[in-house]
Amino acid sequence: MELTKENISQEILLKAFNHMMLAKAMADIYEENRNTTKYVHSTSRGHEAIQLATAYQLTKDDWVSPYYRDESLLLGIGFEPYRLMLQLLAKADDPFSGGRSYYSHPSSREEDKPKIIHQSSATGMQTIPTTGVAQGIKYIQEFNLQQFENNPVVICSLGDNSVTEGEVSEAFQFAALHQLPIIFLVQDNEWGISVTKEEARTADAYDFVAGFTGLNRMRVDGTDFVESFEVMKNAVDFVRNERKPLVVCAKTVLIGHHTSGVRREFYRDEADLEKHRAKDPGNILRKRLLESGIDEDLLKQIEKKARLEAEQSFQKAIEAEDPKPETVEDFVFAPTPITEEMGKRVPENAGEKIVMVDAAIHAIQELMWKHPEALLYGQDVGERIGGVFRETVTLGQKFGNKRVFNTAIQEAYIIGSTVGMSAVGLKPIVEVQFADYIYPGINQLVTEISKSSYLSGGKFPVSNIIRVPTGAYGGGGPYHSGSVESILANIKGIKIGYPSNAADFKGLLKAAYYDPNPVVMLEHKGLYWSKVPGTDEAKTIEPDEDYILPFGKANIILDADPTEIEKGRTLLIVTYGMGVYWAKEAAKSFDGRVEIIDLRTLIPLDEKLVFERVKLHGKCIVLTEEPIQNSFAEAFANRISKNCFRNLDLPVETVGALNLPAVPINLALEKEMLPNAEKLKEKIAEMFTL
């Protein structure tokens, strides 16, 4: 890129010097009060120049993702030392997380400042959610969904050693391919905790990104404020006007510790420390100011005043209240408006029954007609084939390739980008092609999505739908037949739907859309088209457009005979997905003696209904397609036992697949591994004889 020189006013230079002295005073005070600053933290010492130069370019329409060493950036956009220190000391009024997260892990929707999505400690992981913000802004501007005073610019800050993370490359690739308005600000201080650049990488970020066609790049001495300001002014102006992505590789130094927990003396020798101290941004700016004629006494006065402000802020923060213990469970989920079943499940003059896959297509189609903020993307979901199971067919043709489109094979990006898309007010519906391939996206699901609402104090719940075709049938083999609900159910902060029929599927998708929280929809491939023998009842009359089925409402799909219940001769099966059809088939052999509950959603889970019915029957089987050991079903069976112990005639049993690492492709082996109606009948008969 061609650079233009900027005239930097004395006012800006003095402002930067003041902020640098504040950052230094804060770091010194933290070090002097190690017993008080007991929570792990990093400071921006050595990075102040590039961070302030960046901050001063930003407007309230922009978005920025600072990483954990970016306190100077936060000072530069207007956060006072006191408010930063509230997070340092994990106080109740910490504006970012309410005492839940580390220092310099911001999140902000303050109207007069650039916006900041939830920031995690996982280095490099912020690149995908932040690129999702830029993706969302491009979408908003293309469809004219919102007006801005300034074309928004998105800045993602990261350290050079984190560029080696694979997910960073996914973000670079998507930003370059789609020409998104984002700056990746890479701060290179040559260290990755105790790992040197020579140990960690073949090139710095500038050389590394050369192969990403369409990704512009610049270098800058990030210790020199004047040079940094000029470069960042050009960078931001370029992205604001050209709407193209850019990498800025800023050379910085590390004057402080990696963190308060990993101190510099643990791994650095004096020669390295002296080399870094020689490039202290504060000293460089001081020298420039003196050379330009600024009186030294003024600079000393600024430094003294900064120290006093930092001391007073620190004392005030110490005296601030801690969070109340009873607030510990606040903000796991944002409140959902969907609490009751609405609309007509079986409309008058209803037509033929439809298969589950069509119920989903119709639900999404109705939502997208109604809501321009809705869009759908993933692998092969575009108009050419409309999903490998034809689960999105016709949608691409109806809504165009800016609202329904294919992505590369990037499960982490597909999942993680929904954080940023949601933050700017969109509703992304994304798809992972098979449950077996959700694992590359688990990092984003756990680290970024599930924690976003909780650690941002409710400011950034991630409103998305992640569709995941799951389950085994017909020789799908070890990488296309997996069940993943136990892994997902262990991720706190997400919701999980698992419909077993078309009507439930449509109603749950509508509920998921209007829910402000992240939703994973597990969709059994064998039920999509009712091709598996015995699954015809997965087809239902299609509910009307207004039909919504709340999460957390299980359904009794087969009643036991009241007379048999009274005699104590009945049993309850609790299941979901394909298990519904194995249970229905098995129940035919025990006339009136089996009741079946279809859970419909796994998180939230309708424990109330299950416990009530278990206490009535005294016997219970939890049925799943997953291998039993350490499964969701086994854990739920334990909770049922604990809550219903006095009413049980027998221990709660679980029925599921054999404890194998994968579903074998051979049909005979697949059958041997999986549960089915016959195996379930044997267990029911055994329980009735005890």
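One is the number of the first residue; the rest follow in order along the sequence.
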Look at atom [atom1] of [X] and say whether more than 12 heavy atoms of other residues, nucleotides or ligands are closer to it than 6.0 Å.
| X | atom1 | result |
| --- | --- | --- |
| K615 | NZ | yes |
| E612 | CD | yes |
| I556 | CD1 | yes |
| E142 | CD | yes |
| E634 | CD | yes |
| Y479 | OH | no |
| E326 | CD | yes |

At what distance, to the nearest 0.5 angstrom, does [atom1] of [X] lie from [atom2] of [Y]?
| X | Y | atom1 | atom2 | result |
| --- | --- | --- | --- | --- |
| H118 | S97 | NE2 | OG | 9.5 Å |
| S481 | K525 | OG | NZ | 5.0 Å |
| F333 | N517 | CZ | CG | 6.0 Å |
| I364 | L367 | CD1 | CG | 7.5 Å |
| D606 | N555 | CG | CG | 10.0 Å |
| T535 | L527 | OG1 | CG | 6.0 Å |

Only one of [options] forms a side chain to side chain contact (heavy atoms under 4.5 Å, CB included) with [X], so which one is it?
| X | options | result |
| --- | --- | --- |
| M521 | T601, L508, V468 | L508 |
| R467 | V432, L522, V519, I429 | I429 |
| D504 | V580, L549, T540 | L549 |
| L445 | T447, N443, I449 | I449 |
| V614 | I597, N647, L609, L648 | L648 |

Would you say the side chain of [Y] lies within less than 4.5 Å of the side chain of [X], judging by non-hydrogen atoms?
| X | Y | answer |
| --- | --- | --- |
| C620 | L571 | no |
| E607 | F636 | yes |
| M421 | N464 | no |
| M687 | I621 | yes |
| S500 | E537 | no |
| W63 | T130 | no |
| L558 | E595 | no |

Checking [Y] against [X]: is there a side-chain donor and acceptor pair closer than 3.5 Å?
| X | Y | answer |
| --- | --- | --- |
| T624 | Y576 | yes |
| D536 | S530 | no |
| S486 | E626 | yes |
| Q444 | E167 | yes |
| E625 | H524 | yes |
| S107 | S456 | no |
| Y413 | Q135 | yes |
| E448 | S120 | yes |
| D380 | Q433 | yes |
| E523 | Y528 | yes |

Could you walk me through whether K510 and E366 pass the salt bridge (charged side-chain N to carboxylate O under 4.0 Å, His left out) check?
-> CA-CA 9 Å; K510 292 291 180 79; E366 290 165 1; 2.7 Å; yes

CA sep, side-chain torsions, deciding dist, call: E341, K553, salt bridge (charged side-chain N to carboxylate O under 4.0 Å, His left out) = CA-CA 9 Å; E341 192 168 359; K553 305 285 188 182; over 6 Å; no

Between H371 and Y514, is the ring centre distance below 6.0 Å?
-> yes

Would a line drawn from the ring center of Y377 to the ring center of F405 be shorter than 6.0 Å?
-> yes

Can the positive tip of R100 be found less than 6.0 Å from the middle of the six-membered ring of Y454, inside 45° of the ring normal?
->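 Yes; both conditions hold, so R100 lies above the ring face of Y454.
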
Does NZ or CZ of K344 come closer than 6.0 Å to the centre of the six-membered ring of Y547, within 45° of the ring's axis?
-> no

Evaluation steps, salt bridge (charged side-chain N to carboxylate O under 4.0 Å, His left out), between E678 and K681 = CA-CA 5 Å; E678 287 301 315; K681 276 167 58 177; 3.3 Å; yes

